[in-house]
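Contents: one structure, followed by commentary.
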2 protein chains.
Amino acid sequence: MNGMTAAPSPFSPADRPQLGLRERKKIKTREAIRTATYALVKEQGYDATTIEQIAERAEVSPSTVFRYFPTKEDIVLTDEFDPLIMEELRARPADEPWMDTLRYVMQKAVSLGMKEDEEVSRLRTHLMVQVPAVRSRMMESMSVTGTMLCEAIAERTGRDQDSLEVRVYAMSIIGALMETSLYWAENGHRDDFKVLLDRTLDVLEHGLSE
Amino acid sequence: MNGMTAAPSPFSPADRPQLGLRERKKIKTREAIRTATYALVKEQGYDATTIEQIAERAEVSPSTVFRYFPTKEDIVLTDEFDPLIMEELRARPADEPWMDTLRYVMQKAVSLGMKEDEEVSRLRTHLMVQVPAVRSRMMESMSVTGTMLCEAIAERTGRDQDSLEVRVYAMSIIGALMETSLYWAENGHRDDFKVLLDRTLDVLEHGLSE
DNA sequence: CCATCTTTTGACAGCTACTCTCATTTCATG
DNA sequence: CATGAAATGAGAGTAGCTGTCAAAAGATGG
């Protein structure tokens, strides 16, 4: 009816024939819901898009939409980079200066996120700026990333991952990255995100004292 | 019926007889709604407390509740410290080291917030930990504080307040403060918040380098 | 003190995100 | 193909939130 199910993706179900039909269908449904949502949001805006519409276009029932995503914001936002980032962090040599590690891993995470679908990245950050609910949800998920960062930092520095110091340090990084995304989106995605990221890490490293 | 309207507050309407009856009633209603909410939340928890219950106890209609607070979370969270903080920031001598200024102002803001009502501070931070919606809303309001911080930093350093560097720096501070509150609440408010604040500012100043 | 104008309020209807339950369908397995 | 498990859809229900409109309460001028 709408060709949505043929939407290409780096992880299309066809790539994993080892999975049962059930699993493959689930992945397909998930993708259909997300694709439908992106399309509708681009057409009408986030608030004007209802779950019912999404369900209709994705050719599932509204119940199913909620079975796949806990909230409407999650449909737009959910990604699964955290484990990947964690893996990269661990893969870096232990004697590498921490800031270099951070720089490297963040750059890599960004290029990964962009590759998946540049346009989606833009839509996401755009929504972050425009829709308070989405921004909030984004911050939520960032704080999850934060606890993960704590873990990595603790491993590297031998500190307690639950110590105030580690947690504060991690969250200041998260806050900084968050703001960088907002800045990028607010300025119409004109800048090269990687350059912004570099500047951000400079501030984190040396403070504002240029 | 419940003595709510007699709730003491540093800014009770009786203190400002210069205001018309209309204005005084508005302030009273606002306080009644908030007090009713705090009480109900303490009794039943946040989620179990409905707007209808709040309205009933505050002796207003549900419509009125929404006229005073845009969302349920706002009833619990809204405070008006930002302008005060801003004022304090400006009042510090321009040649004082920035970190000293920050330290002083934050300490002052905290003691101000505590004085108003220590128990409310605890309930608030407790809800921040327990209720995702409240935490999100809190982060939202923190980002407002963030743009205010940008202004102050820009004034002090002569930089552009919309520059990436200033915004990133401000948000890293906000993130850090946020996490400090969470830490405090998660650990059952056992620590002295001022001490935590000092440790946080140390991390911001010197990084994690012990 | 009364009449008039304005602000505030309450009642009500309506929308939508989200939850829960249960019967039906769809896939997996021996 | 039969049996069991998982996924789905339908429907009812809750609650946050919006908007409208008429009634009530405070402000104002004569």
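Not measured: the values here are computed from a predicted model. Chain identifiers are assigned alphabetically (A, B, ...) following the order of the sequence lines, protein sequences preceding nucleic acid strands; residue numbering begins at 1 within each chain.
Counting only heavy atoms from C-beta on, Phe66(B) has its side chain closest to dC17(D) among dG10(C), dT8(D), dC17(D). Closest approach to the Glu73(A) side chain among dG10(C), dA7(D), dC18(C) is made by dC18(C) (side chain taken as heavy atoms from C-beta onward).
Between Asp47(B) and Leu21(B), the residue whose closest nucleotide on DNA chain D is further toward the 5' end is Asp47(B). Each of Glu23(B) and Glu52(B) was matched to the nucleotide of DNA chain D holding its nearest heavy atom; the match closer to the 5' end belongs to Glu52(B).
The interatomic distance linking Phe69(A) (CZ) with dT19(C) (C1') rounds to 18 Å, in whole Å. To the nearest angstrom, P of dT26(C) lies 15 Å from NZ of Lys28(A). Across the protein-nucleic acid pair, Glu56(B) atom CD and dA11(C) atom C1' stand 16 Å apart, rounded to whole Å. For the pair Gln44(B) CD and dA15(D) C1', the interatomic distance rounds to 14 Å; values are reported in whole Å. In this structure, the CD1 atom of Ile54(B) is 12 Å from the P atom of dA15(D), given to the nearest Å. Rounded to whole Å, the distance from CD on Gln53(B) to C1' on dA15(D) is 11 Å. Here the C1' atom of nucleotide dT8(C) and the CD atom of Glu59(B) are 17 Å apart, to the nearest Å. The interatomic distance linking Arg137(A) (CZ) with dC18(C) (C1') rounds to 14 Å, in whole Å.
Annotation: cation-pi geometry satisfied between Lys72(A) and Tyr46(A) (NZ/CZ under 6.0 angstrom from ring centroid, within 45° of ring axis).
A donor-acceptor contact under 3.5 Å is formed by the side chain of Arg67(A) with the base of dG9(D). Judged by distance alone with a 3.5 Å cut-off, a donor-acceptor contact links the side chain of Ser63(A) to the base of dA10(D). Looking at Arg22(B), its side chain comes within 3.5 Å of the base of dT6(C) through a donor and an acceptor atom.
No donor-acceptor distance shorter than 3.5 angstrom exists from the side chain of Arg137(B) to the backbone of Val76(B), with no hydrogens or angles considered.
A salt bridge between Glu43(B) and Arg57(B) is present, with a side-chain N of the basic residue lying under 4.0 Å from a carboxylate O of the acidic one.
At dT8(C), none of the side-chain N or O atoms of Lys25(B) fall inside 4.0 Å of OP1 or OP2 (strictly under the cut-off). Within the 4.0 Å cut-off from OP1 or OP2 of dT9(C), at least one side-chain nitrogen or oxygen of Tyr68(B) is found. For Lys72(B) and dC17(D), the shortest distance from a side-chain N or O to OP1 or OP2 is not below 4.0 Å.
Separating the CE atom in Met139(A) from the CE atom in Met178(A) is a distance of 4.0 Å, to the nearest 0.5 Å. Leu208(A) contributes atom CG, which lies 5.5 Å from atom OG1 of Thr157(B) (distance to the nearest 0.5 angstrom).
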